[in-house]
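Remember, it's 1-based here, ligands and their atoms both numbered in the order they're listed. Computation of the quantities below employed the complete heavy-atom set of this structure, encompassing side-chain atoms and omitting hydrogens, waters and symmetry-equivalent molecules.
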Amino acid sequence: MSFAGRHVVLGVSGGIACYKSCTLARRLTEDGAVVDVVLTASAAEFVRPVTFEALTGRPVLTSLWEPDRALAHIGLAKQPDLAILAPATANVLARAAMGMADDLLTALLLARSGPVLAAPAMNDAMYAHPATRANLKTLAARGWQFIGPEIGPLAEGPSDRPGRMSEPDTILAAAARLLVTGGGGRLAGKTVVVTAGPTREHLDPVRVLTNPSSGRMGYALAAAAYARGAEVLLVTGPTELPLPLGVTAHRVETTAEMQRAVQALVKKAHVLIMAAAPADYRPATSAATKRPRRNGTLTLELEATPDILATLEHPRPGVVVGFALETGGDGVAKARQKLQDKALDFVVLNDALEPGAGFEVATNRVTIIGKAGAAIELPLLSKRDVAEKILDAVERALT
Ligand code: CTP
C-alpha cells in the first residue's frame with residue numbers, strides 16, 4: 001500500500017535501533033507520507049536531527065522549549081493519521097504507561113487519541129521484566145498496537161529471546177495495515193496458520209523427491225489474511241518467494257517437519273489453510289552419502305509420508321481448509337471425498353492440467369466446496385484474488 005497523502009509522526013527514543021528508524025523515515029517519505037520526526041534527547045545522541053531532516057525534508061522536533069513551537073506537541077498529537085514509535089525503549093514505554101509528559105515525545109503521546117504503533121527495542125532481560133510486561137499490557141489496553149520485538153542479535157551480543165526491534169519493512173507493513181484496518185480488520189484477533197510450497201524428501205544428501213509447487217497460493221493467502229488483521233503463521237516448504245511482510249514464517253523441508261510445525265502451531269489457531277503440496281512419499285531409506293551412479297535401472301522403495309490433515313490432532317482449529325489438486329474429469333467428486341475423509345470445512349479444488357491453474361503460475365481457477373455441499377465455482381483469477389475469495393468463505397464460517 002502507498003502512504004500517499006498520509007501524515008505520520010515518527011517518535012524515536014534513545015536506543016541503538018535508532019539507525020533503523022532512519023530507513024523507516026526514508027521509506028515512509030518515499031511512499032508518499034508526510035513524516036514529522038520527534039526525537040527524545042537520548043535519541044538525538046544516537047542520530048543527529050539533521051539526518052532525519054535530510055531524509056524527510058521536514059524540520060525535526062526535539063524539545064518542548066523550541067522558540068515558536070510551544071504547542072507543537074498538541075498539533076502533532078492530533079493531526080497525523082498515525083504515530084509510530086520506533087524504537088520504543090523500555091524507558092519511553094514506562095513513561096507513556098504512567099502518563100508522564102516530561103518531554104516533547106511523551107507529551108505528544110499523552111495528548112494523542114489516534115492510533116499508535118510501537119516497535120519495542122531493548123535488552124532481552126528488560127523486555128522480559130515484569131515492569132515492562134505490565135507497561136505493555138497497560139498501553140495495549142489503551143489501544144496501542146505493537147510490532148515485535150523479534151529474536152535476534154542485540155547490541156550486547158547474540159540472544160535467543162525477544163528484544164531486537166523489527167526491521168523497517170516489517171514495521172511499514174504493520175503501519176500500512178493499521179491505516180487500512182484502524183487496528184480492527186475482519187480477521188483481527190484471529191490466528192491463521194497457512195502452509196505453502198512443496199516439501200522435499202531426501203534420497204541422499206544431494207537428491208530429493210519433490211514437486212513443482214511454487215508456494216504462490218499459500219503466500220497470497222498469508223498476505224491477504226495479514227491484511228485483514230489476522231496474526232499469520234506461515235509454515236513454508238522451500239520456495240523462491242520473498243516472505244509476505246508481517247507474517248511469522250516457519251521454514252520446513254520434509255512432510256514430517258511440516259506435520260510437526262502445523263501440529264504445534266494449530267493449537268492456538270482459529271483457522272488452518274493447507275495450501276502446501278507436501279510430498280506423499282519418501283524413500284524408505286535415505287543414504288547418508290551420495291548414491292553412486294550405476295549402469296542399468298534403479299529401483300527405489302518409497303514409504304508414505306504422514307497425511308497432515310487426516311492426522312490433525314484435537315483440538316482442531318474452528319475452520320480447516322484443504323486443497324484438492326486433481327488432474328482428471330471427476331475432480332468435484334474426488335474433492336468432496338477429500339473434504340469428508342480429512343474432515344474439512346472447505347476444500348478448494350483446482351485442476352493441475354488446466355491452463356492458468358495449478359503449480360507455477362500466477363493465476364488459478366478454483367471451486368470452493370463447503371461441507372454443507374455448496375460449491376462456488378470461480379473464474380480464472382489472480383492467486384491474490386482467489387485468496388480473498390477463500391478468506392471470504394473462511395470469515396463467513398467463523399461468524
Ligand atoms: N495434504 C496433507 N498431507 C499430505 C498430503 C497432502 O495434509 N501428506 C493436504 C494438502 O495440503 C491438501 C490436501 O491434503 O490440502 C489434499 O492434497 P492432495 O495432494 O490433493 O491430495 P492427497 O491427500 O495427497 O491425495 P491424492 O494424492 O491421492 O490426490
Side-chain angles (χ1 to χ4, degrees), residues 192-202 208-222 225 233-239 250-267 269 271-284 302-314 316-317 319-354 357-360 364-371 375 383 386-387 389-391 393-394 397:
V192 178
V193 176
V194 180
T195 67
T199 60
R200 279 204 298 229
E201 305 293 342
H202 278 266
V208 291
L209 281 181
T210 187
N211 63 63
S213 166
S214 65
R216 283 201 190 102
M217 192 64 244
Y219 277 52
L221 279 157
L233 310 175
L234 175 66
V235 181
T236 175
T239 76
H250 300 262
R251 293 188 183 275
V252 297
E253 187 174 20
T254 65
T255 298
E257 284 169 16
M258 184 171 275
Q259 183 189 38
R260 279 195 292 277
V262 168
Q263 201 50 63
L265 295 174
V266 291
K267 287 195 164 51
V271 179
L272 168 64
I273 307 179
M274 277 289 302
D280 283 320
Y281 291 96
R282 63 187 168 211
L302 303 179
E303 64 183 20
T305 56
D307 186 322
I308 301 168
L309 278 175
T311 55
L312 209 56
E313 290 165 13
H314 289 268
R316 292 163 56 107
V319 178
V320 179
V321 181
F323 278 67
L325 183 69
E326 306 299 348
T327 53
D330 55 350
V332 174
K334 286 183 184 161
R336 282 193 199 281
Q337 194 60 50
K338 284 180 188 171
L339 180 106
Q340 217 174 353
D341 293 347
K342 304 192 186 206
L344 307 176
D345 296 279
F346 296 100
V347 65
V348 181
L349 163 66
N350 59 0
D351 186 335
L353 299 184
E354 193 176 318
F359 289 156
E360 288 183 315
N364 210 353
R365 187 198 300 279
V366 307
T367 302
I368 304 173
I369 304 169
K371 67 177 173 194
K383 284 186 173 169
V386 172
K389 299 283 183 199
I390 293 170
L391 292 181
V394 166

Out of Leu309, Leu272, Val321, which one pairs with Leu344 under the side chain to side chain contact (heavy atoms under 4.5 Å, CB included) rule?
Leu309

Shortest non-hydrogen contact between Tyr219 and Thr239, atoms and distance:
OH-OG1, 3.1 Å

Under 3.5 Å donor-acceptor, Thr305 side chain and Arg282 backbone
no

Under a 4.0 Å heavy-atom cut-off, what residues line ligand 1?
Thr255, Met274, Ala276, Pro278, Asp280, Thr305, Pro306, Asp307, Ile308, Leu309, Gly322, Phe323, Ala324, Leu325, Lys338, Lys342

Is Asn211 reaching over with its side chain to a backbone N or O of Ala277, donor-acceptor style, under 3.5 angstrom?
yes

More than 12 foreign heavy atoms under 6.0 Å from NZ of Lys342: is that the case here?
yes

Take a 6.0 Å sphere around NZ of Lys389 and say whether it holds more than 12 heavy atoms from other residues, nucleotides or ligands.
no

